[in-house]
2 protein chains.
Amino acid sequence: MNLDYLQTFIAIARESHMTRAAEQLHLTQPAVSAQLSKLEDELGQKLFDRTSKGMVLTEAGRTFKVYAERSLAAMEDGRTALDELIGLRSGSLAVGGGATATTYLLPPVLGRFHEEQPEIRFFVREQSSQQSIVDVLEGKLDLGIVTLPIKAPNETREPISRLEIVPWVEDELRLIVPPDHPASGAKSFEWGDLDGQPLVLFEAGSAVREIIDERVEKAGIDLDIVMELRAIESIKQMVAQGIGAGFVSQFALSRADEGLRCLKDPISRRLAIAYRSDRTQSPAARAFFEMLQSQSSAGSDSSLSS
Amino acid sequence: MNLDYLQTFIAIARESHMTRAAEQLHLTQPAVSAQLSKLEDELGQKLFDRTSKGMVLTEAGRTFKVYAERSLAAMEDGRTALDELIGLRSGSLAVGGGATATTYLLPPVLGRFHEEQPEIRFFVREQSSQQSIVDVLEGKLDLGIVTLPIKAPNETREPISRLEIVPWVEDELRLIVPPDHPASGAKSFEWGDLDGQPLVLFEAGSAVREIIDERVEKAGIDLDIVMELRAIESIKQMVAQGIGAGFVSQFALSRADEGLRCLKDPISRRLAIAYRSDRTQSPAARAFFEMLQSQSSAGSDSSLSS
DNA sequence: TTTTGGTGATAAATAATTGTTATGGGTGGT
DNA sequence: ACCACCCATAACAATTATTTATCACCAAAA
């Protein structure tokens with residue numbers, strides 16, 4: 001059963017005239033005649049009475065017309081819905097990332113995107129890079145903002161082969177210290193300065209924590225970790241309260257020169273965008289991905305709010 | 001665009017597997033593949049991501065699926081609606097007729113029909129035979145109960161050629177007189193008896209009145225028409241009140257032997273069923289027509305209530 | 001009455017679509 | 001490295017749709 005038949009049927013009903021309907025449909029009259037006959041055969045009932053003046057709907061025809069129009073309208077709506085997806089006039093976007101990304105990097109970009117495409121709905125999930133990778137592989141996320149290097153996950157059976165990792169922005173971790181700390185006001189620090197000092201760190205398992213742990217081990221010092229937290233703002237508050245020093249992303253600091261840098265060996269990390277290259281990206285995801293990339297190259301300042 | 005494509009699309013989405021979908025559809029895998037490709041080409045977007053494990057809906061696919069199902073459901077509903085028409089589980093029926101038919105003849109038949117086909121809706125219109133003919137020709141009525149002979153109408157441009165007139169029941173007009181009338185209790189009358197007598201008759205233009213007028217003229221007598229009415233019951237009431245004698249259909253009388261007959265030349269008329277033979281009769285109309293015919297042959301008694 | 005103009009239906013040839021069989025490329029598991 | 005399974009593609013066959021030309025029919029006009 002062809003939907004064109006329904007279109008033809010509707011046209012004949014509208015015109016009450018087969019030849020005129022044929023012209024409108026850019027078909028010849030015999031073609032229309034054949035289409036209608038097939039439709040009638042398939043439905044088992046005559047839809048029109050043929051008169052010398054034209055076509056008159058039978059009761060069956062009047063009854064069926066409603067449903068034919070409904071069916072065609074549904075298809076038309078479907079086409080429109082797909083066009084809206086492409087035109088970013090509808091659709092949704094799921095993005096995952098760590099605390100730094102979701103708290104400081106994504107909001108300005110999301111704000112700008114939302115301004116341009118107000119009809120797109122967002123889902124932003126703060127979670128570990130590992131979890132973001134898994135979710136991207138399983139299709140739960142369109143895009144994941146992760147810290148490099150990534151480790152292959154073992155919690156999923158999805159193949160990792162087509163996971164695309166595109167480097168995004170470079171981040172540097174800075175040491176922040178309480179106001180009454182000896183190093184307060186300094187521009188830099190060395191690992192030896194931290195030996196035995198009380199520290200407030202991200203909880204184990206986070207990407208930031210792993211970087212710190214690795215550096216600490218290399219420096220051969222002992223840390224006095226007095227607190228493990230999940231939120232950057234919490235760490236900043238704890239440090240301000242004098243509980244200890246802590247490491248946070250440069251993007252979490254209001255001024256670019258804030259925080260102490262490790263001069264000899266800057267604690268840098270690269271954030272990347274992860275997605276499945278073997279899955280069709282929704283138009284919204286593609287558009288947002290491109291905005292992410294243009295933002296990273298344009299604004300090298302810490303806020304990214306350009 | 002073929003509706004089978006939508007069916008195929010739905011099947012693939014349901015199975016997440018093209019080959020399995022093909023089996024269910026009794027097609028080969030390449031056929032299904034081609035259908036999906038055509039659908040995707042027509043919509044301008046990929047509906048599935050092809051993986052080594054099977055098919056995964058894209059956002060476009062998820063979006064479109066809703067509309068595809070809606071379109072298919074509408075067609076299915078349309079088929080069901082047509083089947084219900086045939087099975088007399090839905091539909092409507094418009095019948096027109098004169099006072100005798102709509103008041104005394106149709107009710108018992110309609111009652112029986114409604115008992116058998118309770119889902120059919122009726123429209124019964126009491127009007128002149130002329131108007132019924134016009135309405136049948138214009139498609140406003142499925143069937144018309146008319147008094148023979150019919151005259152060609154000139155109020156419509158519809159061709160009269162295909163108007164089918166099927167004789168139905170024979171009716172006899174009887175004279176009814178007031179209780180204190182000299183002829184009260186008699187079985188018959190002659191036209192001479194009515195000369196100068198007060199009479200209560202149907203209004204001019206009705207089929208019954210035309211028959212009476214014709215006979216009166218032939219008999220060469222003068223009538224004292226004191227009242228013209230439209231409803232049979234009104235005439236009976238007026239006669240009962242002693243206002244004058246009147247003519248009514250035998251079917252309007254409770255007993256078959258009631259009323260006075262014109263022995264020498266019974267005032268008979270034939271009622272007929274009119275319909276357009278060049279229009280498809282709805283299943284309900286056909287069924288009702290057949291019931292009308294079987295009733296007329298079966299019950300020759302005055303009530304037709306068998 | 002015959003004629004004429006307009007209706008949709010039909011026949012035959014052609015065009016387009018659809019389906020099948022056979023095969024290939026790619027991916028993931030053994 | 002191979003195998004099994006997925007879908008895509010190619011070539012051919014079958015089916016379906018469309019066009020052109022023509023017909024039968026009806027109604028209105030001559």
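Per chain, numbering begins at 1; letters A, B, ... match sequence-line order.
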Candidate pair Thr80(B) and Asp83(B), rule side chain to side chain contact (heavy atoms under 4.5 Å, CB included), full reasoning
CA-CA 5 Å; Thr80(B) 303; Asp83(B) 289 346; 5.6 Å; no

When the distance from [atom1] of [X] to [atom2] of [N] is rounded to whole Å, what number comes out?
{"X": "Arg279(A)", "N": "dC7(D)", "atom1": "CZ", "atom2": "P", "value": "12 Å"}
{"X": "Phe48(A)", "N": "dG8(C)", "atom1": "CZ", "atom2": "P", "value": "10 Å"}
{"X": "Lys46(A)", "N": "dG8(C)", "atom1": "NZ", "atom2": "P", "value": "14 Å"}
{"X": "Asp278(A)", "N": "dT27(C)", "atom1": "CG", "atom2": "P", "value": "9 Å"}
{"X": "Asp49(B)", "N": "dA8(D)", "atom1": "CG", "atom2": "P", "value": "11 Å"}
{"X": "His17(A)", "N": "dG5(C)", "atom1": "NE2", "atom2": "P", "value": "16 Å"}
{"X": "Leu137(B)", "N": "dA27(D)", "atom1": "CG", "atom2": "C1'", "value": "15 Å"}
{"X": "Leu39(A)", "N": "dG8(C)", "atom1": "CG", "atom2": "P", "value": "17 Å"}

For Ser16(A) and Gly54(A), indicate whether the former's side chain and the latter's backbone hold a donor-acceptor pair under 3.5 Å.
no

Does Gln29(B) use its side chain to pair, donor to acceptor, with the backbone of Thr19(B) at less than 3.5 Å?
no

Whether Arg269(B) and Glu214(B) form a salt bridge (side-chain N of Lys/Arg under 4.0 Å from carboxylate O of Asp/Glu) is what I want to check.
no

Basic-acidic side-chain contact under 4.0 Å: Glu42(B), Lys38(B):
no

With a 3.5 Å cut-off and no angle check, do the side chains of Gln131(B) and Arg125(B) form a donor-acceptor pair?
no

For the residue pair Gln127(A) and Ser132(A), confirm or rule out a side-chain donor-acceptor distance under 3.5 Å.
yes

What do the steps show when you test Leu43(A) against Arg79(B) for side chain to side chain contact (heavy atoms under 4.5 Å, CB included), and what is the final call?
CA-CA 7 Å; Leu43(A) 296 174; Arg79(B) 285 198 167 86; 4.0 Å; yes

Please check the phosphate of [N] (OP1 and OP2 only) for any side-chain N or O of [X] closer than 4.0 Å.
{"X": "Lys53(B)", "N": "dC7(D)", "value": "no"}
{"X": "Thr28(B)", "N": "dT20(C)", "value": "yes"}
{"X": "Thr19(A)", "N": "dG8(C)", "value": "yes"}
{"X": "Lys38(A)", "N": "dA17(D)", "value": "yes"}

Letter per nucleotide, 5' to 3', of nucleotides 9-16 of chain C [B base touched, S only sugar-phosphate touched, - untouched; heavy atoms, 4.0 Å]
BB------

Under 4.0 Å from any atom of DNA chain C, heavy atoms only: list the residues of residues 1-13 of chain A that qualify, in numerical order.
none

Can you figure out which of dC26(D), dT18(D), dG19(C) approaches the side chain of Gln35(B) most closely?
dG19(C)

Taking distance alone, no hydrogens or angles, what donor-acceptor pairs closer than 3.5 Å link side-chain atoms of residues 281-289 of chain A to residues at least two apart or in another chain?
residue   : atom : partner   : partner atom : Å
Ser282(A) : OG   : Ala285(A) : N            : 3.1
Ser282(A) : OG   : Glu59(B)  : OE1          : 3.4
Arg286(A) : NH2  : Gln281(A) : O            : 3.3

